[in-house]
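When a residue number appears, it is its place in the shown sequence, counting from 1. Every heavy atom of this structure was used, including side-chain atoms; hydrogens, water molecules and symmetry mates were not.
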Amino acid sequence: MADLLQIGGVTDVMRERLEAAFTIHKLEGGGYPAEAITHVATNGHAGVPADVMAALPNLKMISCYGVGYDAIDVAAAKARGIVVTHTPNVLNAEVATTAVMLMMACYRELLRDDAWVRSGNWEAKGNAPLTRSVDNQTVGILGLGRIGQAIADKLAPWGTTIVYHSRSPKDVAYKYYADLTEMARDVDTLICITPGGPSTNKIVNRDVMDALGPQGTLINVSRGSVVDEAAMIAALQDGRLGWAGLDVFEAEPHVPEALRKLENVVLLPHVGSGTVETRAAMGALTVDNLLQHLKEGTVLTPVPECADM
Ligand code: A2R
């Protein structure tokens with residue numbers, strides 16, 4: 001049996017399948033046989049700490065549960081011949097649903113109106129104030145990749161005009177903006193769904209949020225690092241930015257109190273892909289990659305940087 005290091009949790013189904021092929025060691029608590037470890041199972045949040053990777057001389061493969069892998073130093077892994085896999089596609093529809101749900105919750109003031117009923121305001125004060133329609137909006141997608149396209153597809157029935165920004169234009173009919181601030185100026189809602197990491201760090205900055213404006217809505221289902229959180233809180237407090245629907249934060253699970261106090265935000269605890277069905281599919285692919293690598297030395301879904309390995 002090969003030796004696998006488990007970082008973070010695995011589901012019972014994953015553990016059962018893994019136990020048939022691997023001796024499982026947990027990072028937690030230490031005491032694992034570093035020299036024997038050939039495979040790592042981790043998730044997008046925990047990644048693989050640099051000192052852990054460095055301490056595993058015979059590591060051959062890292063399987064990441066999640067599509068985002070910014071917590072793994074892929075260049076360092078690749079330089080050592082370690083292949084890294086992730087779980088693209090199986091979560092596209094779910095993360096897209098989360099983005100659309102956040103957008104709708106902001107527009108239709110779902111939390112405020114739910115509280116209106118629970119608090120007795122309806123009886124005491126009468127009808128709740130009107131909200132904004134989600135129909136016929138212009139939505140800018142920051143990162144029109146697999147998930148971004150799924151978001152565009154889910155918004156189509158609402159008569160949405162989709163535009164997008166990424167580093168290079170894609171082969172799609174939507175209008176492309178080479179400049180993010182310019183796009184923010186032209187849209188009602190900006191939805192962030194790029195990878196995290198240095199190239200997207202705080203690219204949604206004060207200028208972008210000011211361009212989005214007092215009637216604008218910011219949705220983030222990518223990584224907390226993509227948005228300048230302090231600038232966003234200030235913009236929401238000042239009314240320079242209208243609303244924000246957020247599934248991700250800079251220092252999860254810490255969410256600044258100033259943000260938690262705002263009424264023009266909807267906050268989720270990073271559950272973009274967090275349904276029973278989608279997490280099962282992600283778990284299955286995470287294990288499929290490990291088992292195929294063990295048996296055949298190949299993988300199903302390498303991260304793009306490892307596609308040529
Ligand atoms: O920039 P391009 O042309 O490579 O397009 C990609 C875009 N993107 C960026 N856009 C603007 N500035 C950047 N620095 C930048 N880096 C990447 O993000 C592409 O359109 C999109 C990513 O699409 P996919 O690789 O298909 O990723 P997927 O599966 O949609 O997932 C996106 C992210 C994950 O990495 C997680 O962090 C998160 O969703 O859950």
Side-chain angles (χ1 to χ4, degrees), residues 1-91 94 195-198 223 225 252-253 270-309:
M1 290 252 253
D3 289 270
L4 175 132
L5 183 65
Q6 177 192 327
I7 302 178
V10 296
T11 63
D12 292 344
V13 176
M14 290 171 73
R15 187 178 308 104
E16 265 173 40
R17 290 183 66 204
L18 288 171
E19 273 172 355
F22 292 100
T23 303
I24 302 177
H25 308 274
K26 290 189 179 166
L27 176 68
E28 225 173 33
Y32 53 87
E35 301 239 326
I37 303 290
T38 51
H39 293 73
V40 165
T42 187
N43 59 65
H45 186 72
V48 184
D51 59 330
V52 173
M53 202 191 300
L56 304 174
N58 295 307
L59 184 60
K60 302 272 178 293
M61 191 232 172
I62 297 166
S63 184
C64 177
Y65 172 96
V67 64
Y69 52 93
D70 43 298
I72 300 171
D73 187 343
V74 174
K78 201 176 171 187
R80 286 178 47 192
I82 301 164
V83 64
V84 180
T85 64
H86 64 155
T87 62
N89 292 315
V90 293
L91 42 57
E94 209 67 70
R223 286 286 185 260
S225 59
E252 295 169 13
H270 202 152
V271 292
S273 64
T275 63
V276 171
E277 295 85 348
T278 295
R279 288 289 168 84
M282 290 162 62
L285 184 51
T286 303
V287 175
D288 289 347
N289 271 308
L290 284 161
L291 297 182
Q292 179 159 322
H293 188 267
L294 190 61
K295 278 194 202 120
E296 297 171 25
T298 58
V299 296
L300 293 161
T301 48
V303 301
E305 296 90 328
C306 294
D308 58 352
M309 289 175 72

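- Formation of a donor-acceptor pair under 3.5 Å by the Asn58 side chain with backbone atoms of Glu35 is found in this model.
- Side chain of Asn289 to main chain of Thr301: a donor-acceptor pair is present (N/O by atom type, distance under 3.5 Å, no hydrogens or angles).
- Nearest heavy-atom pair, Gly197 versus Ser225, reported as atom, atom and distance to 0.1 Å: N-OG, 4.2 Å.
- Proximity of Thr11 to Arg279: side-chain heavy atoms (C-beta onward) are nowhere separated by under 4.5 Å.
- Ile7 is listed as a side-chain neighbour of Val48, based on a closest heavy-atom distance under 4.5 Å.
- With sequence neighbours excluded, the residues satisfying ring pair (Phe, Tyr, Trp, His ring centres under 6.0 Å) with Phe22 are His39.
- The minimum heavy-atom distance linking Gly44 with Cys64 is given by the pair N-SG, 3.5 Å.
- Of all non-hydrogen atoms in Thr42 and Ile62, the two that sit nearest each other are CG2-CG2, 4.0 Å.
- Annotation for Asn43 and Gly8: closest pair ND2-CA, 3.9 Å, computed over non-hydrogen atoms.
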Listing, residues 66-75 side-chain donor-acceptor contacts under 3.5 Å, not counting sequence neighbours, or none:
residue: Tyr69; atom: OH; partner: Glu305; partner atom: OE1; Å: 2.7
residue: Tyr69; atom: OH; partner: Glu305; partner atom: OE2; Å: 3.2
residue: Asp70; atom: OD1; partner: Arg223; partner atom: NE; Å: 3.0
residue: Asp70; atom: OD2; partner: Arg223; partner atom: NE; Å: 3.4
residue: Asp73; atom: OD1; partner: Ala75; partner atom: N; Å: 3.4
residue: Asp73; atom: OD1; partner: Ala76; partner atom: N; Å: 3.0

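- Rounded to the nearest 0.5 Å, atoms NE2 (His270) and NE2 (His45) are 8.5 Å apart.
- Residues Ala307 and Pro302 come closest through the heavy atom pair CA-CG, 4.0 Å.
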Checklist entry - Does the pair Met61 and Val83 meet the rule for a side-chain contact (heavy atoms from CB on, under 4.5 Å), with working shown? => result CA-CA 5 Å; Met61 191 232 172; Val83 64; 3.5 Å; yes

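- The two residues Val84 and Ala77 have their closest heavy-atom pair at CG2-CB, 3.9 Å.
- Going from atom CG of Leu291 over to atom CG of Leu18 covers 6.5 Å, rounded to the nearest 0.5 Å.
- Residue Thr87 holds its OG1 atom at 12.0 Å from CG of Leu300, rounded to the nearest 0.5 Å.
- Within the model, atoms OG1 of Thr23 and CG of Leu5 stand 12.5 Å from one another, a figure rounded to the nearest 0.5 Å.
- Remark: Lys78 NZ is packed, more than 12 non-hydrogen atoms of other residues, nucleotides or ligands lying under 6.0 Å away.
- Distance check: Met282 CE to Thr278 OG1 gives 8.0 Å after rounding to the nearest 0.5 Å.
- Judged purely by distance below 3.5 Å, without hydrogens or angles, the side chains of Ser273 and Glu94 never pair a donor atom with an acceptor atom.
- Ser63 places a side-chain N or O within donor-acceptor distance of the main-chain N or O of Thr286, the cut-off being under 3.5 Å.
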